[in-house]
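One structure below.
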Amino acid sequence: PFIISLLYSSEFMPSVKILRWMFIADYFKVTGWVFGFTLLAYVDAKVYYWKELLTQIVLIVATYVSIIMYNKIEGIGIGILIMYFLNLSYLAYYVWNRHGFSVTKNIASHWLSGLGWILLSSWFSWNLEHVNWIGTIAFITISILTSWMFLTNSEKNRIIKFVVKP
């Protein structure tokens with residue numbers, strides 16, 4: 001809400017109802033890109049295009065149901081979340097079965113902890129109309145520290161060398 005009120009007029013505030021859901025959906029979207037690029041790398045273009053068409057149909061139907069049938073803008077965000085969740089589920093299933101791609105326990109635990117963090121921060125800020133600066137700074141700080149924990153020693157050293165250039 002803070003950024004919207006800062007950059008736009010108050011007429012844009014209803015968009016927060018969509019953006020709340022999109023924040024969660026983006027986590028699934030970005031992960032789906034990883035699997036989606038696998039389709040392109042293996043030249044599974046036909047599968048990729050059909051998958052894209054079907055996910056867009058899901059979004060159109062969800063938008064229609066939300067706006068026309070229920071007269072609620074929030075359903076668009078829910079539809080986007082559903083679309084990206086289904087997209088990721090299909091892509092993970094496809095590359096696992098077709099190309100033998102598997103996820104290690106380490107990667108799965110990092111991904112799930114990231115999802116948990118997204119859900120926790122969404123829960124914390126879901127109905128806020130003003131920025132809780134203490135909570136925001138705490139979430140950002142903990143996110144940075146958690147990300148740092150998941151890095152290997154060589155990755156940490158590269159970051160330190162990049163930041164502390166002689």
Side-chain angles (χ1 to χ4, degrees), residues 1-4 7-8 12 14-67 73-126 136 139-159 161-163:
F2 173 71
I3 297 296
I4 291 172
L7 299 176
Y8 303 102
F12 284 90
S15 67
V16 171
K17 293 177 181 177
I18 298 171
L19 295 173
R20 289 174 179 151
W21 292 98
M22 287 181 67
F23 178 61
I24 301 168
D26 282 346
Y27 195 73
F28 293 103
K29 176 175 73 174
V30 170
T31 307
W33 285 347
V34 174
F35 292 105
F37 283 121
T38 304
L39 291 180
L40 295 176
Y42 280 103
V43 193
D44 288 338
K46 188 184 286 187
V47 173
Y48 181 81
Y49 293 124
W50 277 107
K51 185 256 333 155
E52 283 296 309
L53 178 66
L54 292 174
T55 55
Q56 294 308 310
I57 289 171
V58 167
L59 180 58
I60 290 168
V61 169
T63 301
Y64 175 82
V65 169
S66 173
I67 293 175
I73 195 170
E74 187 173 12
I76 297 170
I78 296 169
I80 291 168
L81 174 61
I82 291 168
M83 177 190 70
Y84 283 124
F85 177 78
L86 293 174
N87 180 55
L88 174 60
S89 299
Y90 172 75
L91 286 170
Y93 174 79
Y94 182 82
V95 298
W96 179 56
N97 281 318
R98 173 96 169 148
H99 302 294
F101 180 81
S102 62
V103 176
T104 65
K105 287 182 182 179
N106 191 31
I107 291 173
S109 69
H110 291 177
W111 188 85
L112 288 171
S113 66
L115 178 61
W117 196 244
I118 293 290
L119 294 173
L120 181 64
S121 62
S122 293
W123 175 78
F124 174 77
S125 62
W126 198 261
T136 301
F139 269 102
I140 290 171
T141 303
I142 294 170
S143 295
I144 291 169
L145 293 174
T146 304
S147 298
W148 185 260
M149 278 182 5
F150 286 133
L151 295 174
T152 64
N153 285 334
S154 65
E155 292 168 332
K156 290 176 186 176
N157 289 333
R158 278 187 283 178
I159 291 171
K161 286 179 184 177
F162 179 78
V163 172

Donor-acceptor pairs are to be reported for all side-chain atoms of residues 55-65 against protein atoms at under 3.5 Å, with residues two or more places apart or in another chain.
| residue | atom | partner | partner atom | Å |
| --- | --- | --- | --- | --- |
| T55 | OG1 | K51 | O | 3.1 |
| T55 | OG1 | E52 | O | 2.9 |
| T63 | OG1 | L59 | O | 2.9 |

Y49 atom OH: more than 12 heavy-atom contacts under 6.0 Å: no
Distance in Å, I140 CD1 paired with T136 OG1, rounded so as to fall on 0.5 Å steps: 6.5 Å
Distance (rounded to the nearest 0.5 Å) between I78 CD1 and L81 CG: 8.0 Å
From S15 atom OG to R20 atom CZ, the distance as rounded to the nearest 0.5 Å: 9.5 Å
CA sep, side-chain torsions, deciding dist, call: L7, F12, side-chain contact (heavy atoms from CB on, under 4.5 Å): CA-CA 10 Å; L7 299 176; F12 284 90; over 6 Å; no
Side chain to side chain donor-acceptor pair (under 3.5 Å) contacts touching residues 139-149 (sequence neighbours left out): W117-S143
Would you give me the side-chain donor-acceptor pairs under 3.5 Å for residues 149-159, sequence neighbours excluded?
| residue | atom | partner | partner atom | Å |
| --- | --- | --- | --- | --- |
| T152 | OG1 | S154 | OG | 3.3 |
| T152 | OG1 | E155 | N | 3.3 |
| T152 | OG1 | E155 | OE1 | 3.3 |
| E155 | OE1 | T152 | N | 2.8 |
| N157 | ND2 | N153 | O | 3.2 |

Qualifying salt bridge (charged side-chain N to carboxylate O under 4.0 Å, His left out) pairs, either residue in residues 28-40, two or more places apart: D26-K29
Side-chain heavy atoms of S121 within contact of F23, under 4.5 Å: yes
Side chain to side chain donor-acceptor pair (under 3.5 Å) pairs, two or more places apart, involving residues 96-105: D44-H99, Y93-N97, Y94-R98
Partner of F28 by ring pair (Phe, Tyr, Trp, His ring centres under 6.0 Å), out of Y84, F85, W21, Y90: F85
OH-CZ distance between Y48 and F35, expressed to the nearest 0.5 angstrom: 14.5 Å
Rounded distance (nearest 0.5 Å) linking atom OG of S122 with atom OH of Y27: 12.0 Å
W123: ring pair (Phe, Tyr, Trp, His ring centres under 6.0 Å) partners, not counting sequence neighbours: none
From CE (M22) to CD1 (I80), nearest 0.5 Å: 4.5 Å
